[in-house]
Amino acid sequence: MTADYAALKVQQLSLAADVVGEGLSRDFSPGFIAGGDVGFEQQGTIARGVIVVLRWPGLEIVEHRIARVPVTLPYIPGFLSFRECPALLAAWQQLTHRPDLLLIDGQGIAHPRGLGVASHIGVLTDVPTIGIAKNRLCGEYSPLEEGAGACQPLYCHHQQAGWVLRSKIRCNPLFISIGHRVSVDMALFWTQQCLRGYRLPEPTRLADGIASRRKGFQRWLNVQ
DNA sequence: GCGACAG
DNA sequence: ATCTTGTCGC
């Protein structure tokens, strides 16, 4: 189960070169927006990939898929995508609806080598993606105000990768970044458009709830 | 050498 | 991520 991290770094740099940091015109009108996240079971030996497809603009769930695949790598900061992409990809290939935008729980290009899980899955599927992380991996930003909506640009390698947004008052901020085929401004705009009173935007909140088997989400665990 | 470090 | 109940604060 040991991995050649030097080789994985080379692979990340190659995939990162394919990331497109622009996209989603001002008149972009999605039919479906999806959320993706990964949970673990069986002592962490099985990855549970979850993708939930919502209809825009109501954000009603129209489909959800769960894929379980064996874990091949341990968790190492900076190499998360190699651990989670297989499960996300398996769930993605089961979808009958084609999302126009995918929000992923994790970093986009706000990553040491510009390839967080959101960017990685974005390049593999060639679909617009946005990284919605609950914690910082890298990058600098100025202190945020207390109120909901407070926002500051997140800089990585002297350039803006995304934003740090306090989506809800009295909650820790979200670390939003370009995943693939979206600009920093559209990444923030669509994340805000998907907020519904919770800290996490609906697509990611639902995928996270199902992937982590939180109370109130078991309903979606069996019925497929 | 020391600290940081998504999920 | 996961193991886990109550509890403090708004």
Side-chain angles (χ1 to χ4, degrees), chain A residues 1 3 5 8-9 12 15-16 19 35-52 66-91 102-123 129-141 146-148 150 154-157 161-180 187 191 197-201 203-218 221:
Chain A
M1 216 222 283
Y5 294 97
L8 292 182
K9 283 188 180 181
Q12 290 184 315
L15 288 167
V19 172
D37 191 19
V38 178
F40 297 86
E41 51 189 70
Q42 304 293 59
Q43 269 95 194
T45 59
I46 301 295
R48 182 196 304 119
V50 175
I51 290 186
V52 184
I66 301 175
R68 286 166 230 265
V69 307
V71 165
T72 59
L73 289 176
Y75 166 64
I76 301 293
F79 295 92
L80 176 72
S81 65
F82 291 106
R83 216 173 121 75
E84 306 196 333
C85 277
L88 286 173
L89 220 40
L102 217 203
L103 273 58
I104 294 292
D105 189 307
Q107 313 289 350
I109 64 171
H111 174 281
R113 289 168 292 285
L115 197 80
V117 59
S119 295
H120 195 152
I121 199 70
V123 170
T129 63
I130 298 174
I132 309 291
K134 296 185 287 295
N135 288 288
R136 187 196 78 102
L137 172 59
C138 65
E140 303 76 48
Y141 61 99
E146 307 262 302
L154 176 63
Y155 297 101
C156 295
H157 312 131
W163 311 82
V164 182
L165 169 71
R166 192 182 306 287
S167 53
K168 181 178 179 179
I169 191 171
R170 272 168 264 117
C171 283
N172 291 323
L174 260 29
F175 294 78
I176 301 163
S177 61
I178 289 173
H180 182 53
T191 295
Y198 293 92
R199 175 161 86 124
L200 300 179
T204 284
R205 186 180 77 82
L206 294 168
D208 179 85
I210 296 172
S212 297
R213 319 190 79 171
R214 301 193 194 302
K215 280 192 176 181
F217 291 91
Q218 289 84 337
L221 282 174

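These numbers come from a predicted model, not from an experiment. These values consider heavy atoms only, across backbone and side chains, with no hydrogens, waters or symmetry-generated copies.
Residue L154(A) holds its CG atom at 12.0 Å from CG of L174(A), rounded to the nearest 0.5 Å. Atoms CG and CD1, from L88(A) and I121(A) in turn, are 5.0 Å apart once rounded to the nearest 0.5 Å. Note that the CG atom of L103(A) and the CD1 atom of I51(A) stand 12.0 Å from one another [nearest 0.5 Å]. Rounding to the nearest 0.5 angstrom, the gap separating the CD atom in Q12(A) from the OG atom in S119(A) is 10.5 Å.
Looking at F217(A) and L206(A), their side chains come closer than 4.5 Å, going by heavy atoms from C-beta outward. Taking 4.5 Å as the limit, every side-chain heavy atom of D37(A) sits out of range of all side-chain heavy atoms of T204(A). N172(A) has its side chain out of reach of K134(A): every pair of non-hydrogen atoms, C-beta onward, lies at least 4.5 Å apart. Under the 4.5 Å side-chain criterion, counting only non-hydrogen atoms from C-beta, R48(A) is in contact with I66(A).
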message: Before you tell me yes or no, could you show the steps for I176(A) and I130(A) under side chain to side chain contact (heavy atoms under 4.5 Å, CB included), namely the whole-Å CA-CA distance, both residues' side-chain angles and the distance that decides it to 0.1 Å?
response: CA-CA 7 Å; I176(A) 301 163; I130(A) 298 174; 3.9 Å; yes
- prompt: Going through the distances and angles, do I132(A) and T191(A) end up as a side chain to side chain contact (heavy atoms under 4.5 Å, CB included)?
  reply: CA-CA 8 Å; I132(A) 309 291; T191(A) 295; 3.4 Å; yes
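Taking the 5' to 3' direction, DNA chain C first and last meets chain A under 4.0 angstrom from a heavy atom at dA1(C) to dC10(C). Put simply, chain A comes within 4.0 Å of DNA chain B, heavy atom to any atom, from dA4(B) to dG7(B), going 5' to 3'.
Using a 4.0 Å cut-off on heavy atoms, the residues of residues 131-139 of chain A that approach DNA chain B are A133(A), K134(A), N135(A), R136(A), L137(A), listed by number. Near DNA chain B, meaning a heavy atom under 4.0 Å away, the residues from residues 105-116 of chain A are D105(A), Q107(A), H111(A), G116(A).
Among the heavy atoms of the strands lying under 4.0 Å from F40(A) are primed sugar atoms or P, OP1, OP2 only; no base atom is included. E84(A) comes within 4.0 angstrom of sugar-phosphate atoms only, judged by non-hydrogen atoms across all strands, and of no base. Nucleic acid contact class of F82(A) (heavy atoms, under 4.0 Å, all strands): none. Within 4.0 Å (heavy atoms only), G44(A) reaches no atom of the nucleic acid at all.
No more than 12 heavy atoms of other residues, nucleotides or ligands shown are found within 6.0 angstrom of NZ on K9(A).
In DNA chain B, consecutive stretches of 3 or more Watson-Crick or G-U wobble pairs with both distances under 3.5 Å do not occur.
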Side-chain donor-acceptor pairs of residues 76-85 of chain A under 3.5 Å, sequence neighbours excluded:
{"residue": "S81(A)", "atom": "OG", "partner": "H120(A)", "partner atom": "ND1", "Å": "2.7"}
{"residue": "R83(A)", "atom": "NH1", "partner": "L73(A)", "partner atom": "O", "Å": "2.7"}

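For the pair L102(A) and G36(A), the tightest heavy-atom approach, listed with the atom from each and the gap, is CD2-N, 4.0 Å. Contact detail for I104(A) and A118(A): the closest heavy-atom pair is CB-CB, 3.8 Å.
In this structure, R136(A) fails the cation-pi test against F175(A), since its NZ or CZ atom is not both closer than 6.0 Å to the six-membered ring centre and inside 45 degrees of the ring normal.
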